[in-house]
Amino acid sequence: MGLMPEKFLKPYNSKEVEKNIYKRWEESGYFNPDVCIKEGVTAPDAPVFSMVLPPPNATGELHIGSALMLCIEDIVTRYKRMQGFRTLWIPGTDHAAIATQSKVEKELYKEKKTRHDFSREEFVNIVHEFVLKNKGRIKEQIIAMGCSLDWSREAFTLDEKREIGVRTAFTRMYNAGLIFRGERIVNWDPKLQTTISDDEIEHKEQNDPFYYFQYGPFVIGTARPETKFGDKYVVMHPEDKRYKEYTQGQKINLEWINGPLVATVIKDPIIDMSFGSGVMTITPAHSAIDFDIAKRHGLDIEQVIDFNGKLLPIAGEFAGVHIKKARPLIVEKLQKKGLLVKTDEAYVHNIAINSRGGELIEPQIKLQWFIDVNKKFSLTHSKIKGIKSGEETSLKDAMLHVVQSGEIKILPPQFEKHYFHWIENFKPWCISRQILYGHRIPVWYRGDEISVGVTAPAGEGWRQDEDTLDTWFSSALWTFSTLGWPEETKDLKTYHPTTLLETGYDILFFWVARMILMSVFHMGEVPFKTVYLHGIVRNEQGKKLSKSLNNAGDPLEMTEKYGTDALRMALIVGNGPGNDLKLAEEKIKAYKHFANKLWNVGRFVLQHTPDGGAAVFTQSDQQYVTQFIALAGDVADDMENYRLHLAAEKLYHYIWDVFASAILEESKTIFKIGTPEDIASRKRLVMTVFSDFLKLLHPFMPFITEEIWTSMPTAKSLLMVEKWPNDF
RNA sequence: GCACCCUUAGCUCAGUUGGUAGAGCACACCCCUCACACGGGUGGGGUCGUAGGUUCGAGUCCUACAGGGUGCACCA
């Protein structure tokens with residue numbers, strides 16, 4: 001018997017190993033690149049690899065999708081660290097303003113309380129306490145996945161440092177004229193009592209009756225009769241022959257819901273002649289398109305529905321009635337007046353709902369803060385390829401430019417098209433929210449005066465804007481706010497732009513695009529060089545998922561049951577970039593078996609090869625060496641090109657089919673009846689190949705490889721900072 | 001409506017630059033042989049959605065179609 005410790009006599013026990021190993025990593029300080037340099041495991045002038053962790057919602061749960069994200073990012077990080085890079089992966093959490101506040105309000109509601117039972121300060125404190133409790137749990141979950149994050153640099157989108165960043169960003173953009181306050185039509189959620197951005201809207205198909213009403217000489221169609229009270233403009237296409245007798249601005253007397261009305265004819269090419277009767281009345285205060293038409297023709301804009309979803313006095317007898325209740329009543333009245341022409345019951349259309357809360361969105365006109373993405377500004381300090389310092393550009397143009405020029409590469413490449421398409425439709429970004437939890441808008445008012453800045457203005461009588469910022473405003477600064485910006489820190493100079501941004505494709509627009517926007521403006525450079533997008537894991541609503549009952553559940557449960565390494569492999573193998581993942585528990589189990597296989601290979605190696613030796617390889621062993629070097633090259637090539645799934649599979653098959661089934665099986669005979677030269681050669685082969693194999697596999701299965709490594713005679717320090725094997 | 005993705009073994013999916021089909025699980029039979037039964041061995045199972053095209057050669061590229069899914073836009 002050789003060096004084999006007793007622990008190898010039992011099957012691999014992930015539970016006993018994992019906590020212990022993580023503690024050793026953490027205590028080593030090697031998650032922090034500064035320590036790596038100080039201890040001499042990384043060269044001070046080594047190339048940099050940096051990445052931010054997409055900050056999980058502070059009140060969220062770590063789900064199997066986050067596990068996939070953590071796993072991919074940790075694999076890349078560990079690989080780069082072993083390649084000798086100055087490697088930094090920054091952890092943090094997101095305050096997720098709306099989501100968090102809704103959650104707390106739900107909790108409060110259980111005690112029959114609402115946010116209105118508290119002062120602003122009290123309420124924010126309640127939310128804050130809630131967040132603190134949850135943050136710890138998320139950190140535990142991230143640790144359980146084995147992530148090599150530098151916890152000394154942990155950040156939170158709503159902590160003090162980030163608040164300075166947010167206020168600085170707001171102020172500088174305001175001063176550049178890119179942030180403005182204006183009355184626009186916005187997406188209003190009557191339930192959460194806040195605006196949301198266009199991207200937070202979800203369209204849902206719904207069947208509603210479609211009514212045709214007699215409107216003077218015209219027949220108009222609508223699915224929303226409750227908005228029609230104030231409709232005094234009738235719009236048609238200028239080239240519609242059916243209505244050529246009517247002229248722009250013509251007045252028409254007609255009978256409407258609450259009595260006689262003078263309507264004005266408007267001609268506008270936006271009208272689709274083939275839809276309905278080709279004529280419509282407009283409600284500019286509650287429809288984005290109608291609002292545009294009204295602006296174009298200088299028409300009156302009148303609010304019909306209040307911010308709670310109830311009809312205003314303009315509705316006459318219906319004033320104060322909720323729109324949901326009012327609709328059938330209005331139809332009934334119009335029918336009685338003989339103005340209902342017909343009803344199409346089979347009408348299917350898309351309604352807008354808030355993806356965060358689920359309530360129907362009511363377009364409303366409100367005074368809000370926006371980022372103007374089209375306005376030209378001068379980019380004073382540009383490091384962006386193709387844009388000179390001082391050159392004029394717009395946020396939109398710059399955002400397009402950095403991807404078109406290839407300075408930012410998006411993987412898989414088809415998502416570049418999604419990105420371009422989205423940018424082309426990018427309208428002013430509404431950044432103010434009427435909720436309490438979040439970064440309060442750094443603007444103060446006093447009479448007609450306005451003051452924008454990082455701190456409150458001096459003097460009496462200033463009142464701060466009541467609104468908070470869209471949560472994505474602060475997370476958009478993440479690549480540089482985590483590095484100390486707006487201070488010109490050493491971290492900022494060293495690690496920005498970050499090397500890689502890895503996240504789910506579902507937040508390409510929400511987050512990735514907005515990070516590009518912010519970095520371009522504030523840093524004059526890209527936030528990252530490569531974007532790697534992984535697929536999402538469908539929830540119970542996903543049709544495919546619900547039909548199979550063996551889909552895996554909570555990641556923590558899985559790591560408990562099968563070990564983190566097994567879960568990591570199951571998440572990686574067979575899951576190409578950008579593809580959605582459906583994970584069967586059986587697959588995780590299979591990689592638990594693989595972990596045990598590796599464990600037993602370790603046992604064999606340590607039993608039979610007490611020393612590494614310096615023997616000369618026999619010809620056949622030399623072939624194995626060559627094969628292994630080729631494998632190491634292949635794996636490195638896959639890693640460089642983010643083909644993690646292929647790399648993992650190659651490693652799996654190598655250790656099982658080549659190393660265990662061929663090399664070890666042969667070795668049994670060689671060790672028994674081989675010549676001394678054969679034996680020495682084989683012992684060296686087995687030890688060196690296995691030892692280096694552990695390095696190759698470590699990014700994927702960090703715990704078990706580190707645990708076996710501690711028993712290897714070749715081990716000098718932790719495996720996590722060993723150099724990636726490039727040759728023998 | 002516009003765009004993108006998917007369709008490969010019973011199930012879940014790989015297959016990076018085009019070169020005679022792979023994995024895990026499941027299934028059948030054999031083996032508790034001295035690293036490992038969380039193992040080993042043997043075996044069954046696929047006209048790679050359909051129809052064309054390019055090519056010496058296509059699951060892999062092109063075109064059309066069908067089915068499934070996603071994103072964006074939107075109808076008054």
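Taking 4.0 Å as the cut-off between side-chain N and carboxylate O, A/Glu707 and A/Lys7 count as a salt-bridged pair. With respect to the salt-bridge test (charged N to carboxylate O, under 4.0 angstrom), the residues A/Glu362 and A/Arg224 qualify.
Side-chain N/O atoms of A/His593 include one lying less than 4.0 angstrom from OP1 or OP2 on B/rG39. Look at A/Trp422 and you won't find any side-chain N or O under 4.0 angstrom from OP1 or OP2 of B/rA3. Of the side-chain N and O atoms in A/His645, one or more sit less than 4.0 angstrom from OP1 or OP2 of B/rG15. When the side-chain nitrogen and oxygen atoms of A/Lys587 are compared with OP1 and OP2 of B/rC25, none of them lie within a distance under 4.0 Å.
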Review point. Checking salt bridge (Lys or Arg N to Asp or Glu O under 4.0 Å) for the pair A/Glu416/A/Lys409: CA distance, chi angles, key distance, verdict?
Key: CA-CA 8 Å; A/Glu416 289 191 356; A/Lys409 214 162 87 185; over 6 Å; no

Practice item. Would you please test A/Glu239 and A/Lys267 for salt bridge (Lys or Arg N to Asp or Glu O under 4.0 Å) and show each step? Key: CA-CA 9 Å; A/Glu239 277 154 36; A/Lys267 302 261 179 172; over 6 Å; no

Review point. Step by step, would you call A/Asp565 with A/Lys592 a salt bridge (Lys or Arg N to Asp or Glu O under 4.0 Å)?
Key: CA-CA 8 Å; A/Asp565 293 324; A/Lys592 178 187 189 276; over 6 Å; no

Extract from the structure each pairing of a protein N or O with an N or O of nucleotides 31-35 of chain B at less than 3.5 Å, listing the distance.
unit_1 : atom_1 : unit_2   : atom_2 : d
B/rA35 : OP1    : A/Lys668 : NZ     : 3.4
B/rA35 : O2'    : A/Arg603 : NH1    : 3.0
B/rA35 : N7     : A/Lys668 : NZ     : 3.4
B/rA35 : N6     : A/Ala660 : O      : 3.4
B/rA35 : N6     : A/Glu665 : OE2    : 3.1
B/rA35 : N3     : A/Asn600 : O      : 3.2

Please tabulate, one pair per line, each protein N/O and nucleotide N/O from nucleotides 74-76 of chain B that are separated by under 3.5 Å, including the distance.
unit_1 : atom_1 : unit_2   : atom_2 : d
B/rC74 : N3     : A/Asn350 : ND2    : 2.9
B/rC74 : N4     : A/His203 : ND1    : 3.3
B/rC74 : N4     : A/Asn350 : ND2    : 2.9
B/rA76 : OP2    : A/Tyr347 : OH     : 2.5
B/rA76 : O3'    : A/Thr222 : OG1    : 3.0
B/rA76 : N6     : A/Asp272 : O      : 2.7
B/rA76 : N6     : A/Phe275 : O      : 2.8
B/rA76 : N1     : A/Asp272 : N      : 3.3

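Looking at heavy-atom distances under 4.0 Å, A/Tyr652 makes contact with sugar-phosphate atoms alone, never a base. Using a 4.0 Å heavy-atom distance criterion, A/Phe509 is classed as a sugar-phosphate-only contact. Note on A/Asp638: a base of the nucleic acid sits closer than 4.0 angstrom, heavy atoms only.
Atom-to-atom, OH of A/Tyr419 to C1' of B/rC4 comes out at 18 Å; the value is rounded to the nearest Å. When rounded to the nearest whole Å, the span between NE2 of A/His421 and P of B/rA3 equals 9 Å. As a whole-Å value, the separation of A/Trp656 CH2 from B/rG39 C1' is 8 Å. Per the geometry, NZ belonging to A/Lys650 stands 14 Å off C1' belonging to B/rG22, to the nearest Å. Look at CH2 on A/Trp599: it is 16 Å from P on B/rG39, rounded to the nearest Å. Rounded to whole Å, atom C1' of B/rC38 lies 13 Å from atom CG of A/Leu598. As rounded to whole Å, 12 Å separates atom C1' of B/rA23 from atom CG of A/Leu646. What separates CD1 of A/Ile588 from P of B/rA23 is a distance of 21 Å, to the nearest Å.
At least one cation-pi condition fails for A/Lys589 and A/Tyr562: the charged atom is not both under 6.0 angstrom from the six-membered ring centre and inside a 45 degree cone around its axis.
Taking atom C1' in both B/rA21 and B/rU8, the straight-line distance is 8 Å, to the nearest Å. A gap of 8 Å separates the C1' atoms of B/rG67 and B/rG49, to the nearest Å. When the C1' atom is used for both B/rG45 and B/rA9, the distance is 6 Å, rounded to whole Å.
With the nearest nucleotide of RNA chain B identified for both A/Tyr12 and A/Asn575, A/Asn575 has the one nearer the 5' end.
The aromatic ring centres of A/Phe671 and A/His608 sit less than 6.0 Å apart. For A/Tyr591 and A/His593, the ring centers are positioned 6.0 Å apart or more. Aromatic ring centres of A/Phe218 and A/Tyr246 lie closer together than 6.0 Å. When ring centroids are compared, A/Phe594 and A/Tyr652 come within the 6.0 Å threshold.
The nucleotide whose nearest atom lies closest to any side-chain atom of A/Glu649 is, among B/rC36, B/rC25, B/rA14, B/rA14.
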Study note, to complete from the structure: The dot-bracket string of RNA chain B, counting Watson-Crick and G-U wobble pairs with both distances under 3.5 Å, using [ ] for crossing pairs and | for pairs to another strand, is (((((((..((((........)))).(((((.......))))).....(((((.......))))))))))))....

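Taking CH2 of A/Trp709 as the start and OG of A/Ser691 as the end, the distance is 4.0 Å to the nearest 0.5 Å.
With contacts defined as side-chain heavy-atom distances shorter than 4.5 Å, the pair A/Pro555/A/Leu567 qualifies. Side-chain atoms of A/Tyr215 and A/Val219, non-hydrogen and from C-beta on, never get closer than 4.5 Å to each other.
For A/Lys592 and B/rC38, a side-chain-to-base donor-acceptor distance below 3.5 Å is present, hydrogens and geometry of angles not being considered.
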